[in-house]
Amino acid sequence: PAAIRAHLAPHARFIGYGHRTSIGYVTRAALADESRARIASLGAARDALLYDGEGCLSVHAIFVESDAPIAPHRFTTMLAAACDEIAIEFPARGETHDSAVAAYVRSARFRAAQGDAIVIASPLAPHVVVCEGDRTIAAPLLRRVVACYAIASPDDALAFLRHHSIPLEGLAFSHDAITTPRADLDAFARASGAARIATLGTLQTPPLGGEHGGVGRILPFVRAIYRT
């Protein structure tokens, strides 16, 4: 922020938002069958790839509840297939795999060889999807990269966010979490610190009058003039 401010005119108003990212959460109800899981995977893929995954509302980590008919590793493969589908509508801009992404893929493949991860990546694919078996591995805040983490409850997701000190802009739930509220998910949403709560697939379409990082997106830059 300081470097940006230094390039502005002295009279220009500068509002710094800081660094934030977004995550997704898929419940057991959304993993009850293939059709529901596909809806969740398509929504997650859209939120991950829209704007090349470079925005604060871009999903980089998805928490997947375990003990469901569709297991987290199966959801990961569905998410990768959904990314292939969504990438047709939202193709990658410029280089697909930079050095940072390549380094992450190498380390993830090393963990996969030890049985601690599943990596779905190709030199031809404009995205990387990983199922991380170790929650001490931080979310990869990289362009068009998303990691899935198997969890037992929202408490595990909250512990992950706090352990890695991840400031949230957005939190996207599978659709059932919005239509059929759960007290534990409500508590997680409040404790997460996210400024925007939405369903998977709609996270990156906030209302114009909404907030960004808890600050108005438009009004701070508007000068109101009225006559009585």
Side-chain angles (χ1 to χ4, degrees), residues 21-55 57-98 101-102 104-109 111-113 115-134 137 139-151 157 170-178 198-205:
T21 189
S22 297
I23 62 170
Y25 193 105
V26 181
T27 67
R28 292 183 184 87
L31 301 169
D33 53 52
E34 292 273 339
S35 62
R36 296 184 193 181
R38 173 172 164 74
I39 292 173
S41 67
L42 286 170
R46 177 176 292 271
D47 286 336
L49 300 188
L50 190 61
Y51 305 120
D52 263 346
E54 294 184 316
L57 288 173
S58 298
V59 165
H60 289 284
I62 299 177
F63 298 99
V64 186
E65 290 188 336
S66 54
D67 297 326
I70 304 296
H73 67 271
R74 170 58 182 150
F75 179 79
T76 301
T77 62
M78 295 179 71
L79 176 60
C83 285
D84 290 340
E85 187 174 338
I86 294 295
I88 297 174
E89 183 179 359
F90 302 115
R93 172 179 52 82
E95 289 275 342
T96 55
H97 292 173
D98 60 22
V101 173
Y104 172 72
V105 171
R106 286 195 300 270
S107 65
R109 283 178 171 155
R111 294 190 293 277
D116 291 332
I118 298 173
V119 183
I120 305 176
S122 165
L124 301 178
H127 43 264
V128 176
V129 180
V130 176
C131 184
E132 292 283 9
D134 184 354
I137 303 299
L141 305 182
L142 300 169
R143 181 170 172 259
R144 299 180 81 93
V145 179
V146 60
C148 295
Y149 297 86
I151 57 169
L171 169 57
F173 287 106
S174 50
H175 188 264
D176 60 280
I178 304 297
T199 56
L200 285 169
T202 68
L203 189 59
Q204 301 225 49
T205 55

Kindly compute the distance separating [atom1] ([X]) from [atom2] ([Y]), expressed to the nearest 0.5 Å.
X: I120; Y: C83; atom1: CD1; atom2: SG; answer: 9.0 Å
X: S22; Y: L171; atom1: OG; atom2: CG; answer: 8.5 Å
X: E132; Y: R111; atom1: CD; atom2: CZ; answer: 4.0 Å
X: H127; Y: D52; atom1: NE2; atom2: CG; answer: 12.0 Å
X: D176; Y: R28; atom1: CG; atom2: CZ; answer: 11.5 Å
X: H175; Y: T199; atom1: NE2; atom2: OG1; answer: 6.0 Å

Thinking salt bridges, do E34 and R74 make one under a 4.0 Å N-O criterion?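 So E34 pairs with R74 through a salt bridge.
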Does a side-chain N-to-carboxylate-O contact under 4.0 Å join R144 and E54?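 So R144 does not pair with E54 through a salt bridge.
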Mind listing the closest non-hydrogen atom pair of [X] and [Y] along with its distance?
X: T21; Y: H60; result: OG1-CD2, 3.2 Å
X: A177; Y: T27; result: CB-CG2, 4.1 Å
X: S58; Y: Q204; result: OG-NE2, 3.4 Å
X: S41; Y: L79; result: O-CD1, 3.6 Å
X: D47; Y: T202; result: OD1-N, 3.8 Å
X: A61; Y: Y149; result: CB-CE1, 4.0 Å

Strictly by modelled atom types, are R38 and S35 linked by a side-chain donor-acceptor pair under 3.5 Å?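 The criterion, which ignores hydrogens and geometry beyond distance, is not satisfied for S35 and R38.
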Side-chain heavy atoms of I62 within contact of Y25, under 4.5 Å: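 Not in contact.
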Just so I know, are the side chains of L31 and V64 near enough to count as touching, which here means a heavy-atom distance under 4.5 Å?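 SC-SC contact between L31 and V64 confirmed.
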With V26, which of F63, F75, F173 fulfils side chain to side chain contact (heavy atoms under 4.5 Å, CB included)?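 When F63, F75, F173 are each tested with V26, the side chain to side chain contact (heavy atoms under 4.5 Å, CB included) holds only for F75.
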